[in-house]
Protein chains: 2
Amino acid sequence: MDATQATARQKIAYYGATSEGGLANCPIRNVVRNVFGKWSSLLLMALAERPARFGELRRLVPDISQRMLTETLRDLQRDGYLHREVFDTTPPSVEYSLTDLGRSMYESLSQLLLWAENNHDAVRKARAAFDSAGLR
Amino acid sequence: MDATQATARQKIAYYGATSEGGLANCPIRNVVRNVFGKWSSLLLMALAERPARFGELRRLVPDISQRMLTETLRDLQRDGYLHREVFDTTPPSVEYSLTDLGRSMYESLSQLLLWAENNHDAVRKARAAFDSAGLR
DNA sequence: CTGTATCCCCTATGATACTG
DNA sequence: CAGTATCATAGGGGATACAG
């Protein structure tokens with residue numbers, strides 16, 4: 001399927017869950033969702049700026065647990081966005097950096113992150129209006 | 001903070017969870033994450049093409065439960081992305097459409113969705129390589 | 001047709017302790 | 001320093017029945 005030509009409805013139907021293996025082939029649910037774990041985009045944002053070591057990332061995002069940092073990094077590495085380089089020092093050090101695929105993906109992702117930063121207020125106002133209208 | 005000027009590290013520090021109310025003010029965790037419920041982007045994609053009624057969306061995304069359709073639509077409406085118009089017919093009909101804010105956001109979001117479609121294979125190959133290397 | 005109301009489950013996430 | 005292992009929990013999400 002040509003993603004630039006197909007209509008949204010065609011895409012959804014094509015990737016729809018009812019078709020054989022459809023769900024597993026849906027790039028939105030299968031690819032995009034992995035970028036939106038609770039911590040993924042923050043880590044990608046940091047690494048897009050420059051490579052960093054495990055402990056550095058941990059200090060950078062103070063409220064992430066060690067477990068989630070490990071897991072999120074491994075998931076991002078698994079999907080091909082991160083390169084993990086181990087330096088044989090004592091104690092060991094490990095540096096994470098974006099791959100070409102990761103950089104390519106982050107170009108698109110960052111548009112949305114920037115939009116969020118620039119429109120944070122508008123969204124919060126919408127929320128407040130919705131709630132004060134008693135719709136919630 | 002000027003989102004276009006600040007470095008990633010400055011942003012993360014500024015929005016960091018340890019500062020007073022920091023987490024609540026982080027646009028990434030606060031805004032972006034809402035766009036990535038299991039169903040949000042699919043629904044936004046459909047509605048970006050043209051408005052649709054409740055039942056239409058349900059048929060369009062066959063594996064969504066009625067409960068999650070209702071809830072996802074309400075959340076998107078609450079954040080200001082969707083307009084909900086009730087027509088006083090019998091039986092009642094309700095039409096959902098993107099607001100200006102929603103269209104604006106979808107412009108950025110769609111870049112990432114398109115990237116995902118175009119690079120789905122690369123990601124899957126990376127995953128397969130990672131797994132077959134026994135790293136998983 | 002467009003929802004609500006329940007009940008239930010599973011996965012994502014957190015806290016803590018331990019290791020090469 | 002850079003992880004694992006284990007246990008515990010909250011909330012996202014599903015199934016089903018009911019309602020205006």
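Proteins come first, then strands; the chains are lettered A, B, ... in the order of their sequence lines, and each starts at number 1.
Here A/Tyr96 reaches the OP1 or OP2 of D/dG3: one of its side-chain N or O atoms lies under 4.0 Å away. Side-chain N/O atoms of B/Arg59 include none lying less than 4.0 angstrom from OP1 or OP2 on C/dT2. Note on B/Arg67: every side-chain N or O is 4.0 Å or more away from OP1 and OP2 of C/dG3.
Look at CE on A/Met68: it is 16 Å from C1' on C/dT16, rounded to the nearest Å. Atom CG in B/Leu73 sits about 14 Å away from atom P in D/dG13, given to the nearest Å. Regarding B/Arg33, its CZ atom lies at a distance of 11 Å from the P atom of C/dA12, rounded to whole Å. When the C1' atom of D/dC1 is taken as reference, atom CD of A/Glu95 falls 14 Å away, rounded to whole Å. To the nearest angstrom, P of D/dA15 lies 15 Å from CD of B/Glu71. Computed from coordinates, the A/Asp63 CG to C/dA15 C1' distance equals 14 Å when rounded to whole Å. At whole-Å resolution of the value, CD1 in A/Ile64 and C1' in C/dA12 are 13 Å apart. Rounded to whole Å, atom C1' of D/dT16 lies 10 Å from atom CD of B/Gln66.
Rounding to the nearest 0.5 Å gives a distance of 10.5 Å between CZ of B/Arg53 and CG of B/Leu57.
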*asked:* Run B/Glu56 and B/Arg50 through salt bridge (Lys or Arg N to Asp or Glu O under 4.0 Å) and show every step you take.
replied: CA-CA 11 Å; B/Glu56 197 178 345; B/Arg50 73 177 123 93; 3.5 Å; yes
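Ring planes of B/Trp115 and A/Tyr81: tilted class, angle from 30 to 60°.
Nearest-nucleotide assignment on DNA chain D puts the 5′-proximal partner with A/Arg74, out of B/Trp39 and A/Arg74. Nucleotides of DNA chain C nearest to B/Glu56 and A/Phe36 differ in position, and the one nearer the 5' end is that of B/Glu56. Of the two residues near DNA chain C, B/Thr70 and A/Pro92, the one whose nearest nucleotide lies more 5' is B/Thr70.
The same ILVMFWY cluster, assembled from side-chain heavy atoms under 4.5 Å apart, contains both A/Ile12 and B/Ile64.
Scanning both residues, A/Tyr106 and A/Leu98, for their nearest heavy atoms gives CB-CD1, 4.4 Å.
Backbone-only engagement by A/Ser93 is indicated by non-hydrogen atom pairs under 4.0 Å involving sugar-phosphate atoms exclusively.
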